[in-house]
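One-based numbering along the sequence shown.
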Amino acid sequence: MLRLLQLVNVGPAPRMTLELGARLNLLTGDNGLGKSFLLDIAWWALTRKWPAELNKALPIGLMAKPYGAGKATIEFAFTGKSKEECYVSTFDRKVQAWTGRAGRPPNPGLVLYAQVDGSFALWDPARNYWRMKGNIDVQDRPPAYVFSPREVWDGLRDDERGLLCNGLISDWAGWQKEKGTAFKGLRSTLAAMSSSDDEKIEPGELTRISLDDPRDIPTLRMPYGQSVPVLHASAGIRRIIALAYLLVWSWEEHCKASKLLGQETASQIIFLIDEIESHLHPKWQRRIIDSLLNLMKTLTRRASTQLIAATHSPLVMASVEPLFDSRTDAWFDLDLTVGKNEKCTVELTKREFVRRGDVCNWLMSEAFDLPSARAL
């Protein structure tokens, strides 16, 4: 699991340090203070690639740059297969790149990154590895699977390797026709991520939506009795079913690759998710963290899971109250502070998690800094 991130002269502040919990980590703070940036850094630390470096269609996930003049470093530590691994990378201004020890970090687990715009990135130790030739990294396999929002649905291709993933539409339809373990996993994942026990997300029959579209399109059975093609679903439901599909696809493909290699499946999964509440109704926001933590246990069984999530939602923070354990979990808060000479600086604080009960109390907490929960 990722244990430490320490940034010097990188991003919105001169220095930031995160000592992460082994299970659940929450990032709060106003827009523009660095929540998404910290998730990008975490992804890079575990994979050594920036999302937009691997998929030019992404407008986010760009390489981090120094905060100002002077030496800039990213230090990170995580628990490997047998010991803790520590790395320090320095920004080389001449080549405009982060340099450090050659070779990928010996991270033993999957790394999943759900970005706020619907993009998704996966690093799989069974499929995304490389070797060293002298002091040079030689890429044998895809360095990661990085999907634009459209590629999540329509499939991911590589100019060199061809088709890497069929995409949600094709895989869901194929799994449903096969009626195998992948479709069972998808059904149970959708049910686990539903907004309530009374409103389960259930797959309907495959359908066609156009005379000119030869694809079999998955549908969802809605609580009001109709089946709606997934392409016509609301933004919130599309967010949920995309996450469900990608979790199932990532684990299914990892298991198949591990079997081909004759090795055990990953012992760890690290899941980064930006604005976990994005597009979700309040009743979904109150369940999403608990659902994901329970789902990862069910999906993987063998692997331990670390969730690092950025949120703007007081409902998400309130929903964590029955779950939060200071021995395994952490809350980090970004604030804009005014110091000497009225100079504004960004500060990252690891805050004590105090149970506040009512959602209004969370709005007026350090997480959101509002003087009142009432309208302006």
Yes or no on side-chain hydrogen bond (donor to acceptor under 3.5 Å, both in side chains) for Q6 and T17, after CA distance, side-chain angles and deciding distance? CA-CA 4 Å; Q6 186 163 284; T17 301; 3.3 Å; yes

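- Classification of the F78-F76 ring pair by plane angle, with boundaries at 30° and 60°, yields parallel.
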Check the pair M193, L292 against side chain to side chain contact (heavy atoms under 4.5 Å, CB included), reporting the backbone distance first and the verdict last. CA-CA 7 Å; M193 295 178 70; L292 284 174; 4.0 Å; yes

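- Contact annotation: the side chain of F183 approaches that of W172 to within less than 4.5 Å [non-hydrogen atoms, C-beta and beyond].
- Side-chain atoms of S210 come within 3.5 Å of backbone N or O of D212 as a donor-acceptor pair.
- Among Y113, F37, W44, the one residue that satisfies the ring-ring contact (aromatic ring centres under 6.0 Å, His included) test with W50 is W44.
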Check step by step if side-chain hydrogen bond (donor to acceptor under 3.5 Å, both in side chains) holds for D335 and T337. CA-CA 6 Å; D335 284 299; T337 61; over 6 Å; no

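- The residues E275 and R239 are annotated as not salt-bridged, no charged nitrogen and carboxylate oxygen being separated by less than 4.0 angstrom.
- Remark: side-chain polar atoms of R208 are paired, donor with acceptor, to backbone N or O of R215 under 3.5 angstrom.
- Of the possible donor and acceptor atoms, one in the side chain of D329 sits under 3.5 Å from a partner among the backbone N and O of L24.
- With rounding to the nearest 0.5 angstrom, the CD1 atom of I288 is 10.0 Å from the CG atom of L293.
- Remark: the backbone N or O of A266 is paired with a side-chain donor or acceptor of H254 at under 3.5 angstrom.
- At distances below 3.5 Å, at least one donor-acceptor pair connects side-chain atoms of W123 with backbone N or O atoms of N128.
- The aromatic rings of F353 and W331 lie perpendicular to each other, with more than 60° between the two planes, well past the 30° mark.
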Any chance you could lay out the side chain to side chain contact (heavy atoms under 4.5 Å, CB included) test for N9 and T73, step after step, and finish with the verdict? CA-CA 7 Å; N9 201 27; T73 61; over 6 Å; no

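- Here the NZ-OG1 distance, from K49 to T47, works out to 8.5 Å after rounding to the nearest 0.5 Å.
- For the atom pair D124 CG and T265 OG1, the distance stands at 10.5 Å (nearest 0.5 Å).
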Can E199 and S196 be said to form a side-chain hydrogen bond (donor to acceptor under 3.5 Å, both in side chains), step by step? CA-CA 5 Å; E199 298 181 19; S196 71; 4.5 Å; no

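- Considering D216, L206, L186 as possible partners of Q176, the one that fulfils the side chain to side chain contact (heavy atoms under 4.5 Å, CB included) test is L206.
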Apply the test side chain to side chain contact (heavy atoms under 4.5 Å, CB included) to residues C165 and W249: give CA-CA distance (whole Å), side-chain angles for both, the deciding distance (0.1 Å), then the verdict. CA-CA 9 Å; C165 173; W249 177 80; 3.5 Å; yes

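- In summary, the side chains of W43 and Q115 do not present any donor paired with an acceptor at a separation below 3.5 Å, with no hydrogens or angles considered.
- A 6.0 Å sphere centred on NZ of K184 holds no more than 12 heavy atoms belonging to other residues, nucleotides or ligands.
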